[in-house]
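Protein chains get the first letters and strands the later ones, always in sequence-line order, with residue 1 at the start of each.
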Protein chains: 2
Amino acid sequence: MRQRARLEDVAARAGVSPSTASVALSGAGRVAAATRARVQAAAAELGYSPDPVAASLRSGRSGVVGAVVGERLLYAFRDPVAVQLLDGLTEELSRLDVGLLLLAGDAMRSGPSPAQLSRLPLDAAVFATCGLEDDPAFTLLQARGVPLVAVEGPVAAGVPLIAIDDERGSAELARHLQRLGHARVVVVTLPMRLDGRRGPVDAERLARGVYRDARRRLVGLRSVLPGAPAVEAAGNSVEEGEAAARLVLDVPAADRPTALVAQSDVLAAGALRAAADLGLQVPGDLSVAGFDGADLPWLAPVRLTTVVQPTAAKGRAAGHAVAELLAGRTPADVELPVELRPGTTTGPVPPG
Amino acid sequence: MRQRARLEDVAARAGVSPSTASVALSGAGRVAAATRARVQAAAAELGYSPDPVAASLRSGRSGVVGAVVGERLLYAFRDPVAVQLLDGLTEELSRLDVGLLLLAGDAMRSGPSPAQLSRLPLDAAVFATCGLEDDPAFTLLQARGVPLVAVEGPVAAGVPLIAIDDERGSAELARHLQRLGHARVVVVTLPMRLDGRRGPVDAERLARGVYRDARRRLVGLRSVLPGAPAVEAAGNSVEEGEAAARLVLDVPAADRPTALVAQSDVLAAGALRAAADLGLQVPGDLSVAGFDGADLPWLAPVRLTTVVQPTAAKGRAAGHAVAELLAGRTPADVELPVELRPGTTTGPVPPG
DNA sequence: AGTGAGTGCCGAATCGATTCGGCACCAGGC
DNA sequence: GCCTGGTGCCGAATCGATTCGGCACTCACT
């Protein structure tokens, strides 16, 4: 006895040919009402449900869209921005009745395995939280001919890029600090490369940076505050933000900056902790700002000064781009606006 | 000109038949070394990569495993336990070279859409963060004949259940409080049903609860502290924990319990906030405990008293069960041990 | 030289649903 | 009675890779 009923079985039971059964069930064609009813009854009796793989082979659509997150889930989803992005993405994808498949790394590797990448049926893939130029996964999927969408990178011809106005946002934040009188501003950056390095960012390091948003945010800030030093965090986490901030703050008071700009809110939260540990008042002794406008309820009652990006909208825009690609159109790049949101963590430069 | 190269094209270019080309590329058979080299060269020149859908049709395997999370991602991934569970699951799945597809709800519905569920190619599915008895997604997937694994539920014949010893853990926690002298203990429970209700849990509500873990944790606690009242949170979030705890704590001091047991660490974090807001010292005026042993770094320096469950191991166990199912075996149920971890949030019952 | 094993490759079937061209049948019109 | 138009259904091809049975050819051994 065969395990699952096939269309052929349904057709036999209803006394029609498979082709007629198919038309009757899909409802897309010229079938007598009585026949259709017979086929439907037969399908119900046999508990028939069509094999999605066979349907995919014919239609060329699997209903699966990949989301590449360049880390293991444990770390990727610690970042509220990533979560919100995926939420917006799924919102848009769910109206296409398409599923989201996570292409993540694991403890061993920082990205999906090549075996996975070539085995899986994918109608499209979104580079969600990597922005990494020259990603092996990117190369592989492109070679496979999978339509791609990039969020914050990588940049490639024929791949729609969904991004925010990083430079402008950072510049606005810098002007905000400038107006408050800050001249000694240090940046705590997101990782420039995957090598887990923590420490000062020199020109060479910046030039070899592979993360588009990290580079652009620094460039934007320096367009207003030229030469502002930068320290790189080894990852995007509270702990890393704290460690990197400590490198900057744990020095004689005379050498200490009056403001710290973190390239993400999560890093900024770490910087706040470092400041508290070192007995620095915020914003009395030190101003701290972030980037993202992430949802960090546990920071309350502190309201972090930050640059708000429309993260969910970014996810939806990526989903829309996928829809366009699947419809055979070529979506345009999208650059979403950002907005400075002053909070309680920045204030006038301390006297003396 | 055809878009992507097919095996037939490669074969033609190498001057062999498609069947030989297939064998040559898969490396599984009797092919002359020279022929194999020719085929591989042809494949490389054409940039050939096999169509996963066609391979799936033949092999009956798509390489996709679904993870049902009964909420939209934004909420599901706010829960560090869910994230850690999925991390453990992917770790195990990645060695099967299998991808994880998220079957999530969206703003409209609390679960994946039926269209998605019947369209997607799935080798298996894991009910990851629902534990919901009588889930429509469960029924649908079972009807499709998709092998299933349940984490904390639903319970069904032929579906391996991966769970922890909820009752025992809650009982141990109750004894811990009992030893500290607490008699007036109130429980803040996880949702019993999906209806978003917040408030006291009576016998009927408990009986009609659809979440196995919530029920069992309450039963376990009451096995030691019979009749301990329970208040239900409308969701598993810090905000909900705070709201539910406030219902219990914002009463005359004489009516106030001396200890609050939350059914998750996230809820407990909310309870801590409510206590702080009401000016209650923890553990001086009130002891607070959680469940899960979740990673909540922002709680520091407070160390929450909690029952630690091996969440990542639970995910790996679910992944292992999937592997067994795919191998044609029938995995056994798994019940993992839990351990009480006393922290700084529980102490002796206050005098008076 | 003839028989045996053994190697290298091909043809055809298979996986299961979908779709298009076309056949047969019936009703209506002249 | 013949032709036209239309409806209802079927057969066969298609999507692309995989696999098994089998054919032809080579080499070694008697």
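Between Glu92(A) and Arg316(A) no salt bridge is recorded (no basic side-chain N to carboxylate O distance below 4.0 Å). Checked for salt-bridge contact, Arg72(A) and Asp87(B) meet the test: a charged N lies under 4.0 Å from a carboxylate O.
Heavy-atom nearest nucleotides on DNA chain C were determined for Val23(B) and for Arg58(B), and the one closer to the 5' end corresponds to Val23(B). Each of Arg30(A) and Thr20(A) was assigned the nucleotide of DNA chain C with the nearest heavy atom; the assignment lying further toward the 5' end belongs to Thr20(A).
Phe138(A) and Phe127(A) have perpendicular rings, their planes meeting at more than 60° on a 0 to 90° scale where under 30° would count as parallel.
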Pairwise N/O distances under 3.5 Å, protein to nucleotides 4-6 of chain C:
none

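Relative to the side chain of Ala54(B), the nucleotides dA12(D), dA17(C), dA17(D) differ in distance, and dA17(D) lies closest.
Note on Thr35(B): only backbone sugar-phosphate atoms sit closer than 4.0 angstrom, heavy atoms only; bases stay farther off. Nucleic acid contact class of Val16(B) (heavy atoms, under 4.0 Å, all strands): sugar-phosphate only.
For CD of Glu335(B), the number of neighbouring non-hydrogen atoms (other residues, nucleotides, ligands) closer than 6.0 Å is greater than 12.
The distance from atom OH of Tyr48(A) to atom C1' of dA17(C) is 6 Å, rounded to the nearest whole Å. Between Arg61(A) atom CZ and dG16(C) atom C1' there is a gap of 20 Å when expressed in whole angstrom units. A straight line from CG of Leu46(B) to P of dA17(D) spans 12 Å, rounded to a whole angstrom. In this structure, the CD atom of Glu8(B) is 14 Å from the C1' atom of dA12(C), given to the nearest Å. Here the P atom of nucleotide dG8(D) and the CZ atom of Arg36(A) are 10 Å apart, to the nearest Å. If you take CG of Leu25(A) and C1' of dG16(C), they are 14 Å apart, rounded to a whole angstrom. Summarising the geometry, the separation between CG on Leu7(B) and C1' on dT19(D) is reported as 13 Å, rounded to the nearest angstrom. The nearest whole Å value for the distance from the CZ atom in Arg6(A) to the C1' atom in dT18(C) is 15 Å.
For a distance-only test at 3.5 Å, the side chain of Ser17(A) fails to qualify as a donor-acceptor partner of the base of dG11(D). Under 3.5 Å, the side chain of Arg38(A) and the base of dG8(D) form no donor-acceptor pair of N or O atoms.
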Ser19(B) vs Ser22(B), side-chain hydrogen bond (donor to acceptor under 3.5 Å, both in side chains): CA-CA, chis, key distance, verdict: CA-CA 5 Å; Ser19(B) 50; Ser22(B) 173; over 6 Å; no
Just do the side chain to side chain contact (heavy atoms under 4.5 Å, CB included) check on Arg78(A) and Val83(A) with the steps written out, would you? CA-CA 8 Å; Arg78(A) 252 202 243 296; Val83(A) 171; over 6 Å; no
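The shortest side-chain heavy-atom distance between Val210(B) and Leu194(B) does not fall under the 4.5 Å cut-off.
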